2 protein chains.
Amino acid sequence: MRIILCGFGIVGQSLAKLLESRSYDLYTKYGLKPKVIGISDSRGYIIDKNGIDLCKILLSKRKNGKITKYRKYENGYSPSDLINNIESDILIEATPSNYENAEPGLTNIRIGMKRKMHIISVNKGPLALAFPSLIEMAKYNNVLLRFSGTVGGGTPIINYAKNSLYGEKILSFSGILNGTTNYILTKIEQGMTFNDALADAREKGYVEANESLDLDGFDSAAKLVILANCIMDMKVTMSDIAINGIRDITKDDIENATKNHCALKLISSCNKKLCVGLQEISHHDPLCVNDTLNAISFTSEHSGTQTIIGHGAGGIETASSIIRDMINIKYNIQNNEI
Amino acid sequence: MRIILCGFGIVGQSLAKLLESRSYDLYTKYGLKPKVIGISDSRGYIIDKNGIDLCKILLSKRKNGKITKYRKYENGYSPSDLINNIESDILIEATPSNYENAEPGLTNIRIGMKRKMHIISVNKGPLALAFPSLIEMAKYNNVLLRFSGTVGGGTPIINYAKNSLYGEKILSFSGILNGTTNYILTKIEQGMTFNDALADAREKGYVEANESLDLDGFDSAAKLVILANCIMDMKVTMSDIAINGIRDITKDDIENATKNHCALKLISSCNKKLCVGLQEISHHDPLCVNDTLNAISFTSEHSGTQTIIGHGAGGIETASSIIRDMINIKYNIQNNEI
């Protein structure tokens, strides 16, 4: 199985590590023999049809902070040049999420699809801005589009809703889909000011380089778009969501919540309407989790309400979701279920 | 798809209702056209190769408290007579769980397998006492054995671990698998005595007819056996579990737990050893759920720890799990994955 990897940040590197350390296990258990033949980063790309030496490239990244010194590195090219230059079975899109125009991820995915590559995206931008059209394009080109890692990181929220609840109709859901803001809200509930809590989260490395993505609810909204499309069959994009972040939180809000035995949480909900905003959640509700945890409650027609809780982010966790998607794609190809 | 239903208690009746109310949906969405051709209860059975009229039989049960007045009722026969008497695609085993000899469920399942019927069991007894041999027998007879409803009721705990986490190795798990004892422990934590809490749970209809199954941990242990076999590939039965219930709880235990910001919970755990017993669980642990809720935390190699929470019991919820299993069996037959 030939693989192109666009983006060599934390997730890309974690994936390279996992592919190395789990190669025996993946082959014996799942018949999976992944061969990474192309890697791009922000400066250029590497192509090696015989398979890139992942150990060497990881070492180069650790030593030099970049992969430009790898033998076959081609400087000054974009990922789309890479995708256009080589045939591959799978394209993994792991460049940073961007909710203005979703680039470069959106172009990477589109070119990959046209060139008949199955797509695994952990980049939320293209899905948040163009989910319905990407699904259509995947069908048209007869390729698969998978994106388990975009919601919940290693916690298989999408798989749970799609596979574990088959035969059931999900009526609504709501969840805490952003660990950073949940951490900040937890600290505020414990007595910190907003600014101190934000500084603490920054210090721990929880906040995105563009902190508005977390604080203003865009990351939560992007995940809501993905869930609404793939679980509820809604054809929506970011612009259909009413988005409020956590910056406007007041002392009164917090005191009122405490009085009601509740905590204020940034909730992404889909119940006819789609919205992201602060809500009071009872301390007894399983959804009321703290620190960087994510949680989501699905209400289904006959199976009641179920809550899944887990850590939403982390390089290795997200990389493990990519491997799940690879196994799923292999399985679907074998069963001609495209 | 021809179906024999053994047991017409709450789950059996809920299934009949669901099959009636969802028939259009099941056919159009999943191509499923279930036809119940045999039903047994403790007194005898009904056979109708053209399909039993489920509305009539539900009405008869509601009016008379039994189904013996249904036109074709054959009095004085055992379910095994029914299974031996007619050909069917699926046998649904929904007689009461019994952890002494697992009868009549165990015999029903064995005869069904010999007669090449796929089995859906919501009866925990046969699985708790004979899981490894039943799996072997299913393989030998080339039939499928499904049992989603035995753990978590409508909450698809088994499906989650088997399907949503594929590609992952689950290292350990622990959970609250019995809602009745969790309700009693919640009430004790809120200040009730053990006896008052038990009386309250009885009044609400939460306690099994044989209350030892809940209070002495046998129901939790049976579910632990099922999970250990099907998720961890362990070949164990009830006799391999160290089982302690909740009767020995003391005031000191409760006070100590509170001092440690914990609650006492009846935990079924699989971490090298298999055991059921009271444990202190931190109030901040997602596992620490109250009332009749069930919860289970899986720790996997690369995806961290994830917790699933939901109501474990209920007729309609368990019946919905049977329908999930039916869809799964149909899917597996179509793909020749037996």
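None of the values given here were measured: they were computed from a predicted structure. Note on naming: letters A, B, ... go to the chains in the order of the sequence lines (proteins, then strands), and numbering restarts at 1 for each one.
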May I have all residue pairs that pass side chain to side chain donor-acceptor pair (under 3.5 Å) and include part of residues 11-23 of chain B, sequence neighbours excluded? B:Arg22-B:Asp25
Is the number of heavy atoms from other residues, nucleotides or ligands under 6.0 Å of B:Lys139 NZ greater than 12? no
Using heavy-atom distances under 4.5 Å, tell me whether A:Ile158 contacts chain B through its side chain, its backbone, both, or neither. neither
Who in residues 282-289 of chain A is close to chain B, using a strict under-4.5 Å heavy-atom cut-off? A:His284, A:Pro286
Please check if atom CD1 in B:Ile135 has more than 12 non-hydrogen atoms from other residues, nucleotides or ligands closer than 6.0 Å. yes
Are more than 12 heavy atoms from other residues, nucleotides or ligands located less than 6.0 Å from atom CG of B:Leu58? yes
Which bit of B:Ile157 comes within less than 4.5 Å of chain A, counting heavy atoms only: side chain, backbone, both or neither? neither
Considering only heavy atoms, which portion of A:Asn328 lies under 4.5 Å from any heavy atom of chain B: side chain, backbone, both, or neither? both
So what's closer than 4.5 Å to chain B heavy atoms on A:Leu18: side chain, backbone, both or neither? side chain
Using a cut-off of under 4.5 Å on heavy-atom pairs, state which of A:Gln306, A:Lys169, A:Lys162 scores highest against chain B. A:Gln306
Residue part contacting chain B, namely of A:Tyr30, when any heavy atom lies under 4.5 Å: side chain
Those residues of residues 317-326 of chain A that come under 4.5 Å of chain B on a heavy-atom basis, listed by number, are A:Glu317, A:Ser320, A:Arg324
Applying a heavy-atom distance below 4.5 Å, give me the residues of residues 177-185 of chain B that approach chain A, sorted by number. none
At a heavy-atom separation under 4.5 Å, does A:Thr155 approach chain B through its side chain, its backbone, both, or neither? both
Atom NZ of residue position A:Lys33 - does it have more than 12 heavy atoms of other residues, nucleotides or ligands inside 6.0 Å? no
Taking every heavy-atom pair that is under 4.5 Å apart, which of A:Asn159, A:Asn163, A:Ile309 has the most such pairs with chain B? A:Ile309
